[in-house]
Amino acid sequence: MVAPETPPAKLETRELHVYYGDKHVIKNVSLTIPDRQVTAFIGPSGCGKSTILRMFNRMNDYIDGFRHLGAVCLNGEEIYRRSVQVEMLRRKVGMVFQKPNPFPKSIFDNVAFGLRIQGVNDRKVLQASVEQALHQAALWEEVKDDLDKNALALSGGQQQRLCIARALAVRPEVILMDEPASALDPISTSKIEKLILALKKDLTVVIVTHNMQQAARISDRTAFFFLGELIEYGPTADIFTHPREKLTEDYISGRFG
Amino acid sequence: MSARTQRLLEGLFRLYGMVTTWLGIVVLGVFLVDIFLKGVQRLSLDFLSGFPSRFPEKAGILPAEVGTLWIFLLTALFVIPLGIAAAVFLEEFMKKGRLASIIEVNIASLAGVPSVIYGILGLEVFSRWFGWGNTLMAGAATLALLIFPVVVLAAREALRAVPRSVREGAYALGATRWQAVWHQVLPASFGGILTGIILALSRAIGETAPLIIIGALTYISFVPDSPWSKFTVLPIQIFNWTSRPQPEFWITAAAAIIVLLGMTLLLNGAAVMLRYRWKKKLKW
Ligand SMILES: Nc1ncnc2c1ncn2[C@@H]1O[C@H](COP(=O)(O)OP(=O)(O)O)[C@@H](O)[C@H]1O
Ligand SMILES: [Mg+2]
């Protein structure tokens, strides 16, 4: 039975196993991620958070020795089917990385890139999309006069918001964030957190974080992973106030990790 | 070993290093100064814009200069697209594995093959088989072959210097492998690739042996005016003059060496500047 307050599933894994060569990295993980909510993945480093996040936009395809078993679905459709075009999938499922990785080009070119490779060349259309994406990423006011400046000249926090804008410009349905604020100062971090909360009106956010307070502040649901297994998954409030598993409790109370 | 002998050895090694370094610099310096002092008296506009002559004081290097310029441009035209394409293919598209490493080792060893061998290859393939004879085209194609491995190695190194995160950033936005390479990786590595190409080309314009093998002329009285023209280049002209019995011609040769060195230095300087500006612009 689907409870009435549970929104429809956006992303889903069923009995997912991931291997890098002989290494069994994700072990039998089944979870559903609801639409237009923020879902946080937490757990000690090396437990497979990034790996499972990168399953949703097939970013692991490039890793030597990568194999998987089980299903991964977007909107109920298996995304590892042969007929799925990876490029199309990634237009719907955007990603922001741990370390800001702007292209060594102008701010404008960074944000316009995703549209340009889709064949959008109309200057007016690009201009409008770039401006909107920068607004959405709360960066517009800071860069509106410097759109031609090289993106590498921005501060770390600005670079990360630029990367968010770049991902938003192609109008994805989902945005995956792998510790997006871990390399940033507290002020930049809080800007990004605010931004994430604003984003969930329009899209689904999945965020990996090793910062428990951050997970508690911004996420609706939290999944706790340990050594490749999904230990506990539920509403963030439940996970943080009365975890069902001893392991979860130990982790969120800082006893290890 | 006691601390004292250790220190002594260290001191000796430092001395050895210093002597060898300075030896290199001094030998080069003496050579350059000698050439310069001998040749500078012959440098003049007439020398730069004149034709070779039986009389050393009247001899000029215009045909050889223009030949070298042609060779430079044509070789660049051949080697740039081929070298970049090969590097991109090997670095970005080929599966890393046994075949890739075999090719890698082969290219690295190709860079060590003596240039005469390339001359013979060029003679057989371009001069005879293609029927290009001893024209600029045959010479440039041969030299392009000669520097091709160097260009590929340099370009691959530049491509490899582009961090993985740039590629991932492009893929994550829905770029195909080709789009990521074309729009992000190549522009980001362009400075490095260009530097490698210029250095390789500056080696090409100093080559003599392969061009002599394909039958480049040693004496010409015309300026090559098309890629199908017969030609000579500065190093051959220099070689020709130094092998004359009259010491007067050696002075002419020295002047030509100054010109050739000047060209090479200019190219190397451009390469260093490019590399510097590229490094400064890109900080990941
Ligand atoms: N490219 C890779 N090749 C092989 N093993 C990897 C690779 N990336 C990650 N791993 C391994 O997979 C496990 C999970 O890594 P990861 O998903 O990055 O964890 P997390 O993001 O939770 O720190 C770790 O044991 C890590 O060493
Ligand atoms: Mg990680």
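Each chain gets a letter, A, B and so on, in the order its sequence line appears, and its residues count up from 1. What you see below is based on every heavy atom in this structure, not just the backbone, and it leaves out hydrogens, waters and symmetry mates. Just so you know, these numbers come straight off a predicted model, no measurement behind them.
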Which atoms of [X] come close to chain B, meaning under 4.5 Å heavy atom to heavy atom: side chain ones, backbone ones, both, or neither?
{"X": "A:Arg166", "answer": "both"}
{"X": "A:Lys105", "answer": "side chain"}
{"X": "A:Val96", "answer": "neither"}

For A:Lys200, salt bridge (Lys or Arg N to Asp or Glu O under 4.0 Å) partners two or more places apart
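Once residues adjacent in sequence are excluded, the partners of A:Lys200 under the salt bridge (Lys or Arg N to Asp or Glu O under 4.0 Å) criterion are A:Asp220.
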Which class fits the ring pair B:Tyr171 and A:Tyr62: parallel under 30°, tilted 30 to 60°, perpendicular over 60°?
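Geometry flag for A:Tyr62 against B:Tyr171: parallel rings.
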Within the 3.5 Å criterion, strictly below it, is a donor on A:Asn60 or A:Arg54 matched to an acceptor on the partner's side chain?
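Yes, because at least one side-chain N or O of A:Asn60 sits under 3.5 Å from a partner of the opposite role on A:Arg54.
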A:Tyr19 ring center within less than 6.0 Å of A:Phe66 ring center
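No, too far apart.
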